[in-house]
Number of protein chains: 2
Amino acid sequence: MFNKKISILGSTGSIGVSTLDIIRRHPDRFEVVALAAGSNTRMLLNQVKEFNPKIVSVLSKKEADELQGTLPRGVKLLFGPEGIQEAACCSAADIVVSAVVGAAGLVPTLKAIEAGKNIALANKESMVIAGKIMSEKARQHNVQILPVDSEHSAIFQSLKGESLEDVHHLVLTASGGPFLNTPLSDFNSITRAQALKHPNWTMGPKITIDSATMMNKGLEVLEASWLFHIPADRIRVVIHPQSVIHSMVEFIDGSVICQMGEPDMRAPIAYALSYPRRIATGVKRLCFSERDKLTFFAPDPEKFKCLAMAFKTAEQGKSYAPVLNAANEVAVEHFLSNRISFVDISAVIEACLEAHDPFELDTLEAVLYADQWARVYARELISRSLLKKRSA
Amino acid sequence: MFNKKISILGSTGSIGVSTLDIIRRHPDRFEVVALAAGSNTRMLLNQVKEFNPKIVSVLSKKEADELQGTLPRGVKLLFGPEGIQEAACCSAADIVVSAVVGAAGLVPTLKAIEAGKNIALANKESMVIAGKIMSEKARQHNVQILPVDSEHSAIFQSLKGESLEDVHHLVLTASGGPFLNTPLSDFNSITRAQALKHPNWTMGPKITIDSATMMNKGLEVLEASWLFHIPADRIRVVIHPQSVIHSMVEFIDGSVICQMGEPDMRAPIAYALSYPRRIATGVKRLCFSERDKLTFFAPDPEKFKCLAMAFKTAEQGKSYAPVLNAANEVAVEHFLSNRISFVDISAVIEACLEAHDPFELDTLEAVLYADQWARVYARELISRSLLKKRSA
């Protein structure tokens, strides 16, 4: 059928682990040539022993020192930004799984595109903040960007064989997260533990919080717009609490094509790796005759301010998207370490967007500048308000 | 985009009228070159005046005499089996819409395939009774058979760009018809008027009764099996009372692709005509945020015996399928004229299948022989039981 050589950026994260699960099922079809991870050297070592990559990269010299001497002979050990970039550009790789969390995934993903690698893109932030540059570079280097997000994979699958001209609009489905039925008046008392409990999906902590605020859906709107060349005003978000329909495309003839499945990230990962064919995944099969019901309704913009902000950001263009994303990353980080409350997340982002003086995003430098500006501004904002609270 | 010349067999029926509605919306894309109808000469005359076909055919000399002198100059007027065959093979046509009801559609559809015309197939009976011959002839003459049934169109759309090897199974959805929630104990008292009231679809009387008995779904299983080269044991039927999901394909990776839409035959008709592109249809758009819920459950084999008989027929092969179909046509005809009861429909079919001595279906003659045998047997069966009732 095919044989593909794979480099995984973020191999010890949730997507990385699921990717290796798929690869493990198909030793005849896939070969791991590079693994890049952060600081989970213990898990990484096991992955290296099982999959025999040629290149391994870790967060910093500290983690590299930990691994030194433990790796099988012939494995090249690297670290830091140069290390992950070398893993991304590994000459043996056909496809790079970009699964680093947050804006940190941008530069290695761009390097992989420049090296002509097809990208299985789980790092939505890189498309959100630098969609224009990513798309242009992909076109220049004749590279395919295969979405790994379940929603974008569903749209990608629904568009198979179709003409983009025949698309009327896209419908991103959203589970609504853990606070779908929580009244707005209770949002002030939401705890970290509550926000980390997603009803349907098992994911990393950042994306789980993003699902609770629905910023995840907002980032997905921005990502979908760049991936499928559809303006955000032709992208709709529908709450579908069962997470069975992963997203949909409505065409000009009134037909809607959608992809469904049990919520399991192995399905979109496998599709990105096996595209245009399909392979066994171990994902549980849907059983319609036992299924209770599928429901749909509109998201509440008062409760999920992050979603409304993301739509506004898409409409405004310019440097607002990296600001939205960076402010969100900082706010979520502070929420996860119990320094700000759940409702503070959207307040921090809103304040950053309001204070931002926008500019065009034609270069990587411009993107990184907007990203850095928002991080600094958001951190200062949070420190100042924490100081105020302490002195109060 | 494209320009297609169309011949419609069965232009005054429900599918024919909807086909002309689509054509009317796209005068730049479609041209009507032939219209064949039965005895509704009044409607046919209006169609001829509006669409200017080159060939018109009617049921018999009687209808031809009625139309004689009323048609615009240059229109060729034909009648009977030769007439409809000439309309089917009309040299100017690119695509033939096969929308005659019942087994009568078989011969003209085969003639159109032999003439190299692509077929928009609404006449499912031809595929049910002669699937092997239809498929072989289509392959020989390099002809595309584009399904018009909403379920098969949904599967055809869901398979776009996919490999048949990657299909795990097909799921045909069924509304369940008007008697979904009627207890089996009340089936004896079902009236013609009740059976003609379909909850979701507006269709002709034959297919509406077939929906009430679920024989329609059974015939669809047989049709799908031939159209998509999938054995019936890999086709499942699921009751989905809202008729929003028109059918689905589950792939080996656990993904399900489906097509949805408001129940309106113009959508699958337009898709068959515009394939592989899509065109505006006038079909109302689905609105998910206002939609209540989609439900699914297994059909009750005790209530819907016709469905179980169709699955058994598919498994048995040989000449059982034309017998099932012909016995059903005769039984429905007698039910519609109030000569047998609703539960008699499945009883007549069952008796015919039991009495049938099966043979291979390698030739059209064999198909027509099985069809005729079942018609004669079913009619005799009904007459005898009516006589018995009268004498009782």
Side-chain angles (χ1 to χ4, degrees), chain A residues 1 153-154 157-163 165-169 171 173 236-240 244-246 248 250-262 264 266-268 270-271 274 276-299, chain B residues 1 153-154 157-163 165-169 171 173 236-240 244-246 248 250-262 264 266-268 270-271 274 276-299:
Chain A
M1 199 182 184
S153 179
Q157 292 179 52
S158 301
L159 285 171
K160 203 175 198 175
E162 301 284 352
S163 167
E165 285 173 63
D166 296 346
V167 173
H168 188 269
H169 64 270
V171 181
T173 53
R236 298 178 194 168
V237 170
V238 166
I239 305 260
H240 166 48
V244 167
I245 297 183
H246 296 317
M248 328 190 217
E250 181 159 332
F251 293 93
I252 53 171
D253 58 358
S255 277
V256 174
I257 304 286
C258 74
Q259 184 258 355
M260 299 185 265
E262 288 290 337
D264 187 325
R266 290 177 299 174
Y271 191 74
S274 67
R277 293 293 302 273
R278 295 176 182 273
I279 53 174
T281 54
V283 174
K284 192 167 164 260
R285 299 201 167 275
L286 283 178
C287 182
F288 283 95
S289 52
E290 290 167 11
R291 187 157 286 285
D292 190 28
K293 59 180 193 224
L294 303 181
T295 59
F296 307 89
F297 43 95
Chain B
M1 198 182 185
S153 179
Q157 293 179 50
S158 301
L159 284 171
K160 203 175 198 176
E162 301 284 353
S163 166
E165 284 173 62
D166 295 347
V167 173
H168 189 270
H169 64 269
V171 181
T173 53
R236 298 177 194 169
V237 170
V238 166
I239 305 261
H240 166 49
V244 167
I245 296 182
H246 296 318
M248 329 190 216
E250 181 159 332
F251 293 92
I252 53 170
D253 59 358
S255 278
V256 174
I257 305 286
C258 75
Q259 185 259 359
M260 299 186 265
E262 288 289 337
D264 186 324
R266 290 177 300 174
Y271 191 74
S274 66
R277 292 294 302 272
R278 294 176 182 274
I279 53 174
T281 54
V283 173
K284 190 167 166 263
R285 297 201 168 275
L286 282 178
C287 181
F288 283 94
S289 53
E290 289 167 13
R291 185 158 287 284
D292 190 28
K293 58 176 195 232
L294 304 181
T295 59
F296 307 91
F297 44 94

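Note that these values count all heavy atoms, side chains included, but never hydrogens, waters or copies made by symmetry. A note on names: the letters A, B, ... follow the listed sequences, proteins ahead of strands, and every chain is numbered from 1.
Put simply, of B/G282, B/S255, B/S158, the one with the most heavy-atom pairs under 4.5 Å next to chain A is B/S255. With respect to chain B, the highest number of heavy-atom pairs below 4.5 Å among A/V283, A/T281, A/D253 belongs to A/D253. Counting heavy-atom pairs closer than 4.5 Å to chain B, the top-ranked of the candidates A/H246, A/M248, A/Q157, A/K284 is A/M248. Heavy-atom pairs under 4.5 Å with chain B peak, among A/G161, A/A154, A/A267, A/A280, at A/G161. Heavy-atom pairs under 4.5 Å with chain A were tallied for B/I279, B/V238, B/I239; the largest tally goes to B/I279. Counting heavy-atom pairs under 4.5 Å between each of A/S163, A/P299, A/A270, A/P268 and chain B puts A/S163 at the top.
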- [ ] Run the numbers on A/R278 and B/E165 for salt bridge (charged side-chain N to carboxylate O under 4.0 Å, His left out), then give the verdict.
- [x] CA-CA 9 Å; A/R278 295 176 182 273; B/E165 284 173 62; over 6 Å; no
- [ ] Quick one: do B/D166 and A/R277 satisfy side-chain contact (heavy atoms from CB on, under 4.5 Å)? Show the steps, please.
- [x] CA-CA 7 Å; B/D166 295 347; A/R277 293 293 302 273; 2.8 Å; yes
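A distance of 10.0 Å separates OG1 in A/T295 from NZ in B/K293, rounded to the nearest 0.5 Å. Taking NZ of B/K160 as the reference point, atom NZ of A/K160 lies at 12.5 Å (rounded to 0.5 Å).
Between B/M260 and A/E250 there is no side-chain heavy-atom pair separated by less than 4.5 Å. Annotation: side chain of A/H168 is in contact with side chain of B/R285 (closest heavy-atom distance under 4.5 Å).
For B/I245, the part sitting under 4.5 Å from any heavy atom of chain A is the side chain, from C-beta outward, and nothing else. The contact between A/I252 and chain B is made by backbone and side chain atoms together, counting heavy-atom distances below 4.5 Å.
Formation of a donor-acceptor pair under 3.5 Å by the B/R236 side chain with backbone atoms of A/F288 is not found in this model.
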